[in-house]
**Q** 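Let me begin by handing over the structure; questions about it come next.
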Amino acid sequence: MMFILFSLFFLFFFIYYFKSGKLNKVPVKNICNVCLKPSKNKCTNCNQIYYCSKKCQKKDWKEHRKVCGTVGTELIIPTSSSSSEMREFISDLISDDVVENFNVPDFEQEYAIKYPHEKMHIQFLNSAQSSIEYLQLIGRFIDHDPDEPDPKYIMNRWNEFSEVLINFLTTPRKIGDIFTGKMKSQYLGGKDVAAQSFSSMSKLSLTYDQGKVHIAVGFVDLDLLLQAEITQNMNFIEQPNKFIGYEGSVYAVAKTNVIKEMMVKKVPIRSIIEVWFSSVWTMETLKYFEKAVKSVLQFGDAPNDGPPNPTKKELHPKVRSLISHWNKSIRSPKSHQEAHKLWTKTFISEDNVFFIVANLVEPRDRVQVARHILTGEFPLMDDQPPKNLIASITMFNCNNGILPHSSNEFMLQMMPMDTILSKNQRKEISFLNAIYNFLENAIIKVCNWLSPLEGQAGKIEIYLHFQPVTNDNSALLVSIRQLDPWIMSWSNICDYFYVHDFHKMLRACSGNDTIHIMTSIDWFKEVFGAHIMEYDGRVRHGMLIDAQKKISMAEKVVDPSGYFQYTNVISHPYNIGDISAMMMVKENWQNYFFKDQDLNIGDFSFIPYAHTHKTHTLLNICYTYNKKD
Ligand SMILES: C[S@@+](CC[C@H](N)C(=O)[O-])C[C@H]1O[C@@H](n2cnc3c(N)ncnc32)[C@H](O)[C@@H]1O
Ligand SMILES: *[C@@H]1O[C@H](CO)[C@@H](O)[C@H](O)[C@H]1NC(C)=O
Ligand SMILES: *[C@@H]1O[C@H](CO)[C@@H](O)[C@H](O)[C@H]1NC(C)=O
């Protein structure tokens, strides 16, 4: 199924790109131009001539190329054949002057050598590899405009296809104009149908003054602490820092409470890492998990309605229900084979996570990261005896329809590449080990904060509550305000609110000088000109080159030993092009977001490029409100 989706997705792209353009009109027949057999497949360049097979198309190519449009590259996309055939076909065509080489490493082959029996995986990688190759073609036709707007493209670009939007797009407008009619809806659907297993964005490193309060709204997991530091300033408070989380996801609260308890108990770090990230656990991990679960279930009851006591260890009934379910499942975990199967089911067609693999320099790393993506194992469990392995309880044994890892998340997306890569040597440390070592050290640090030795400087207490933070929940907003938070982090919750409502909510819970930090993922869905295709066709190639240059500059700073390649980044050309586009309109959105607000802006900048990010247009935002009273 995945493969078919993959193919369909790219088929769409090709039709979209090649259908457009002013092509020579040639007679249309529904039979193969060579052998005259009935045929469903057309040359996708001119979309006019039918061929029954790639063989026939190739035979006819010398003749047909003379009449086949002006676009330059000709391909059949066989509507119903497997992608390996497609790939073979494309590589046949690539041979001569038609297109230069794609430059995509053969990670399918590399994987097949290491894991020859994983037929499904190999087939999947084959399909992923061809998809990546096809996508490279889009860059070549970036200057072309489609004749008619394509609904699917508009959905991807704006995340809606409404009358208001069409109105906006069809009336005169210029680069930087804000689409003020954007539809917003709350993230919280009530049910955790697509719960996040872990954070999906890399975070800033924070420095906490000792004794201060951090309120983490929509925390998902504890990744904010991985890079944090606690310092003692001149007049520090002789008290632990308080990290108080409010989440609308039952799953995130349940899982993170268990992980925190494992940290408090200082269980082996490997087990904490497995519970946090891995689809497959070792038996030892199950043992430590069980202990942590039992002790979390000793927490008191939080009120069913209304805000909890912020600094008490309490469980909301819904959270307790999930953790109790995990407790019951410990006796009968699923097998690790089943974990692999269930994990793969969550892939969807647009999955472009394999760009990460394609841009890695060492074949060693490509194979390991592909393995990680395909199995969800972290660390890889190749060295473990199979009978020592089970499926993650938190990932595959949830109740009430809670479905973690169903939204294409990968742990690599949240990893702070600048911190990790600059400290390691590619030749000596594999990419996955570099990440593992980072996590290990970071988690040891947090464990020590949680169970400090006598007289130790950095201390922290962590309280995690199930509680939506909204304008309707005014009792909670008041209770947050009373804590006079030093920092409040908001994940990307600003994306789900109308600007006015968002500021209203934040003001209602701000203390005297509360610093608000957040990331916007969706800001560019509100600005015309944040996408490369909204610029004149003649400047788009230049924009791509420009963006590529910007990425290349990141290399020396972020990745001195060259884990990744930066000169010819393999990605969707839109992803690259948007890096140029977003620079042009950032200020427009900033003005819109802060309009009529009395505040001090600390930061409003793009998260620096990393190959592991899901998208490359994330904005870090940080400010304080000036209070009128
Ligand atoms: C904002 S979502 C981000 C989802 C995803 N990363 C994305 O790409 O958009 C992150 C977390 O915030 C939580 N969340 C969303 N709105 C919330 C709110 N009003 N109060 C508390 N948590 C909220 C969600 O449950 C989720 O776990
Ligand atoms: C956990 O589950 C076991 C058996 O499955 C049960 O006996 C025990 O009471 C449960 N513990 C808690 C704290 O709910
Ligand atoms: C905030 O500042 C006001 C006036 O400067 C002060 O009276 C109040 O106690 C402060 N609030 C907190 C929670 O520190």
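Being a predicted model, the structure only gives us computed values, none of them experimental. Both counts, for ligands and for their atoms, begin at 1 and track the order of listing.
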**Q** Would F354 and F124 count as a close aromatic pair, with their ring centres under 6.0 Å?
**A** yes

**Q** Is it true that F606 and H616 have ring centroids separated by less than 6.0 Å?
**A** no

**Q** Would you say the rings of F198 and F277 are close, in the sense that their centroids are separated by under 6.0 Å?
**A** yes

**Q** Fit a plane to each ring of H503 and F594, take the angle between them on a 0 to 90° scale, and name the class: parallel (under 30°), tilted (30 to 60°) or perpendicular (over 60°).
**A** tilted

**Q** When the ring centroid of W281 is compared with that of F289, is the distance short of 6.0 Å?
**A** yes

**Q** Heavy-atom contacts under 4.0 Å between D495 and ligand 1: side chain, backbone, both, or neither?
**A** neither

**Q** Do H405 and Y251 make the cut of ring centroids closer than 6.0 angstrom?
**A** no

**Q** At under 4.0 Å between heavy atoms, is it the side chain or the backbone of E247 that contacts ligand 1, or both, or neither?
**A** both

**Q** Could you tell me which atoms of ligand 1, counted from 1 in the order shown, lie closer than 4.0 angstrom to a heavy atom of V220?
**A** 10 (C), 11 (C), 27 (O)

**Q** Hey, can you tell me if Y496 and Y187 have their rings parallel, tilted or perpendicular (30° and 60° cut-offs)?
**A** perpendicular

**Q** Among protein heavy atoms, which sits nearest to atom 7 (O) of ligand 2, and what does the distance come to when rounded to 0.1 Å?
**A** R331 NH2, 5.0 Å

**Q** What part of A252 sits under 4.0 Å from ligand 1 if we count only heavy atoms: the side chain, the backbone, both or neither?
**A** neither

**Q** Any nitrogen or oxygen of N492, side chain or backbone, less than 3.5 Å from one on ligand 1?
**A** yes

**Q** Could you list which atoms of ligand 1 come closer than 4.0 Å to a heavy atom of V469?
**A** 18 (C), 19 (N), 20 (N), 21 (C)

**Q** For residues Y623 and Y625, establish whether the separation of their ring centroids is below 6.0 Å.
**A** yes

**Q** Please name the pair of heavy atoms, one in M505 and one in T470, separated by the smallest distance, quoted to 0.1 Å.
**A** SD-CA, 3.6 Å

**Q** Would one find an N or O of K294, backbone or side chain, under 3.5 Å from an N or O of ligand 2?
**A** no

**Q** In terms of atom number and element, which parts of ligand 2 are under 4.0 angstrom from non-hydrogen atoms of L297?
**A** 12 (C), 13 (C), 14 (O)

**Q** Provide the number and element of each atom of ligand 1 under 4.0 Å from a heavy atom of S491.
**A** 1 (C), 10 (C)

**Q** Please report whether atom 11 (N) of ligand 2 has a protein non-hydrogen atom at a separation of less than 4.0 Å.
**A** yes

**Q** Backbone or side chain, does any N or O of V217 fall under 3.5 Å from an N or O of ligand 1?
**A** no

**Q** Does F219 approach ligand 1 within less than 4.0 angstrom via side chain, backbone, both or neither, non-hydrogen atoms only?
**A** neither

**Q** Using a 4.0 Å cutoff against the non-hydrogen atoms of N327, which atoms of ligand 2 qualify?
**A** 1 (C), 2 (O), 3 (C), 8 (C), 10 (C), 11 (N), 12 (C), 14 (O)

**Q** Between E247 and F466, does a side chain to side chain contact (heavy atoms under 4.5 Å, CB included) hold up when you go through it step by step?
**A** CA-CA 5 Å; E247 244 297 342; F466 170 68; 5.6 Å; no

**Q** Heavy-atom contacts with S200 under 4.0 Å: which atoms of ligand 1 show up? List them by number with element.
**A** 6 (N)

